[in-house]
Engineer: 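Take this structure first; my questions come after.
Every number for a ligand or one of its atoms is a count from 1 in the order of the listing. All of these numbers come straight from a predicted model, not from anything done at the bench.
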Amino acid sequence: MLNKQKLMGAVIGSILATALAGCNDDNDNSDNTGVISPTPKKALVYGHRGAAGYLPDHTLEGYKKGIELGADFVEPDLVMTKDGILVCRHEPNIGGTTNVASHPEFASRKTSKMIDGVNVKDDWFVSDFTLAELKTLRAIQPLPQDRSTQYDSQFAIPTLEEMIQTVQAENKRLGKNVGIIPEIKHSTFHASIFGQYKIEDELLRILAKYGYSKKDSPAIIQSFEVSNLKYLNGKTDVRLVQLIDGYDIDSNGNMQFEAPSLRPYDWTVAGKTDKTYGAMLTPTGLAEIKTYADIIGPWKPYLISSKTVDANNDGKADDLNNDGKLDERDRVLLPASNVVKNAHAIGLEVVPFTFRNEPRRLASDYKNDPKAEYKKFYDLGVDGVFTDFVDTAVAARDGK
Ligand SMILES: [Ca+2]
Ligand SMILES: [Ca+2]
Ligand SMILES: [Ca+2]
């Protein structure tokens with residue numbers, strides 16, 4: 001256990017030696033007797049979809065921005081084109097993240113498909129487009145209610161290979177060693193179109209081509225499904241993340257489960273319908289994950305949940321900040337769960353998602369300060385955070 005921690009610390013230390021130049025090396029904790037001091041290591045900052053708070057998701061410009069802002073890893077979500085190319089998009093459907101709707105030549109491609117048991121209606125799907133066709137589209141901001149749309153329709157959809165080439169070129173230019181953390185989206189859906197584990201095999205082929213094949217490679221693979229991670233565990237030494245979703249949090253802070261955030265979809269297909277994602281975070285569930293993965297990526301309320309308040313006893317949640325609407329600002333934090341402690345006890349790292357700066361997404365305890373949220377989770381001992389705002393996560397971590 002101690003040896004494994006030391007090994008992982010050394011590995012991460014070497015990965016980040018340049019990225020964290022100027023910071024204390026918290027990973028070199030042993031004295032000459034080989035005893036490891038309890039100094040916690042620094043949490044890593046994962047640039048969720050690039051620099052999603054600033055630029056449209058999954059663009060080369062966004063990945064560069066994430067690196068510039070200090071990310072330790074940047075994240076491409078992966079879906080497959082009709083001609084079998086891995087491209088960076090959060091969903092197989094692209095109506096919300098590209099300007100496809102304004103391309104009349106693709107009007108007839110608009111259709112509906114079942115994805116993980118949910119009918120996704122009247123949209124355009126990457127699997128119906130060749131890469132050449134997708135290259136005629138441009139990315140748009142998927143959260144226009146919160147974020148700037150000034151970069152809409154400027155940036156192309158990158159392939160995974162272009163993303164890796166960009167990261168490696170930026171690393172060379174800046175003397176950094178920023179890693180990549182690709183997520184395989186909807187493995188079961190892709191298997192139904194392209195064949196079992198074709199998306200996984202193509203990812204492994206590309207990772208190997210660019211030198212990512214070892215446990216200490218600056219690459220980590222994520223998935224919400226299970227069987228594909230078990231398959232990958234038998235095929236590669238690259239570290240694996242079991243993502244763990246939830247649907248919503250009720251007024252008392254309890255996790256809610258509903259499609260498409262009910263359970264890993266491959267469990268549903270296999271008939272394991274007696275369990276939800278919640279089963280993954282019991283001691284038994286964590287022990288099972290430990291047999292094939294290195295890291296868990298839970299939705300952050302699994303670590304620290306929140307509840308509403310009804311001080312005036314009218315049966316409804318109080319509007320704590322008196323702004324006439326109910327959102328995260330009208331919730332108060334509950335004590336932390338044992339998930340981090342239990343995961344660490346068996347050697348699993350914990351990297352929750354997703355941290356965002358917008359005040360309406362921050363519980364009242366944080367008083368509109370996103371750094372207060374990061375600090376809460378860093379103090380809990382998380383090993384990293386997925387964030388849309390890399391610079392804020394880094395500033396909260398490094399005391400700026
Ligand atoms: Ca993702
Ligand atoms: Ca009330
Ligand atoms: Ca309110």
Engineer: For the atoms OD1 of N312 and O of K316, give the angle they form at the Ca ion (ligand 2), rounded to 10 degrees.
Structural biologist: 160°
Engineer: Which pair of heavy atoms, one from K135 and one from P158, lies closest together, and at what distance?
Structural biologist: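 In this case the closest contact between K135 and P158 is NZ-CA, 3.9 Å.
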Engineer: Sort by chain and number the protein N/O/S atoms that are closer than 3.0 Å to the Ca ion (ligand 3), and list them.
Structural biologist: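 Near the Ca ion (ligand 3), the protein supplies D319 OD1, N321 OD1, D323 OD1, K325 O, D330 OD1, D330 OD2.
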Engineer: Considering all heavy atoms of both residues, which atom of L348 and which atom of I295 are nearest to each other, and what is their separation?
Structural biologist: CD2-N, 4.0 Å
Engineer: List the atom of V241, the atom of I220, and the distance in Å for their closest heavy-atom pair.
Structural biologist: CG2-CG2, 3.4 Å
Engineer: Could you pull out the closest heavy-atom pair between K325 and D319, with the gap in Å?
Structural biologist: O-OD1, 3.2 Å
Engineer: Counting only heavy atoms not in F155 (residues, nucleotides, ligands), do more than 12 fall under 6.0 Å from its CZ?
Structural biologist: yes
Engineer: Compute the centroid of each ring, for F355 and then for F389, and state whether the two points are separated by less than 6.0 Å.
Structural biologist: no
Engineer: Considering just N/O/S atoms, say which atom of D310 is closest to the Ca ion (ligand 2).
Structural biologist: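 D310's closest N, O or S atom to the Ca ion (ligand 2) is named OD1.
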Engineer: What pair of heavy atoms forms the shortest contact from L362 to E373, and how long is it?
Structural biologist: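 So the minimum-distance heavy-atom pair works out to CD2-OE1, 3.4 Å.
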Engineer: Please find out if less than 6.0 Å separates the ring center of F257 from that of Y247.
Structural biologist: no
Engineer: Begin with the C-alpha distance, continue with both residues' side-chain angles, and end with the deciding distance and a verdict on salt bridge (charged side-chain N to carboxylate O under 4.0 Å, His left out) for D398 and K42.
Structural biologist: CA-CA 9 Å; D398 298 344; K42 251 178 215 299; 3.3 Å; yes
Engineer: Taking it one step at a time, do E200 and K235 satisfy salt bridge (charged side-chain N to carboxylate O under 4.0 Å, His left out)?
Structural biologist: CA-CA 10 Å; E200 285 78 11; K235 291 264 173 184; over 6 Å; no
Engineer: Pull up every protein N/O/S atom sitting under 3.0 Å from the Ca ion (ligand 1), skipping waters.
Structural biologist: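 Metal shell, protein only: E75 OE2, D77 OD1, E183 OE1.
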Engineer: If you compare all heavy atoms of F189 against all heavy atoms of P92, which two are closest, and at what distance to 0.1 Å?
Structural biologist: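 That would be CE2-CB, 3.6 Å.
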Engineer: With the Ca ion (ligand 2) as the point of reference, which N/O/S atom of D318 is the closest?
Structural biologist: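 Closest N, O or S atom of D318 to the Ca ion (ligand 2): OD1.
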Engineer: When you measure from the Ca ion (ligand 2) to each N, O or S atom of D314, which atom gives the shortest distance?
Structural biologist: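 Of the nitrogen, oxygen and sulfur atoms in D314, the Ca ion (ligand 2) lies nearest to OD1.
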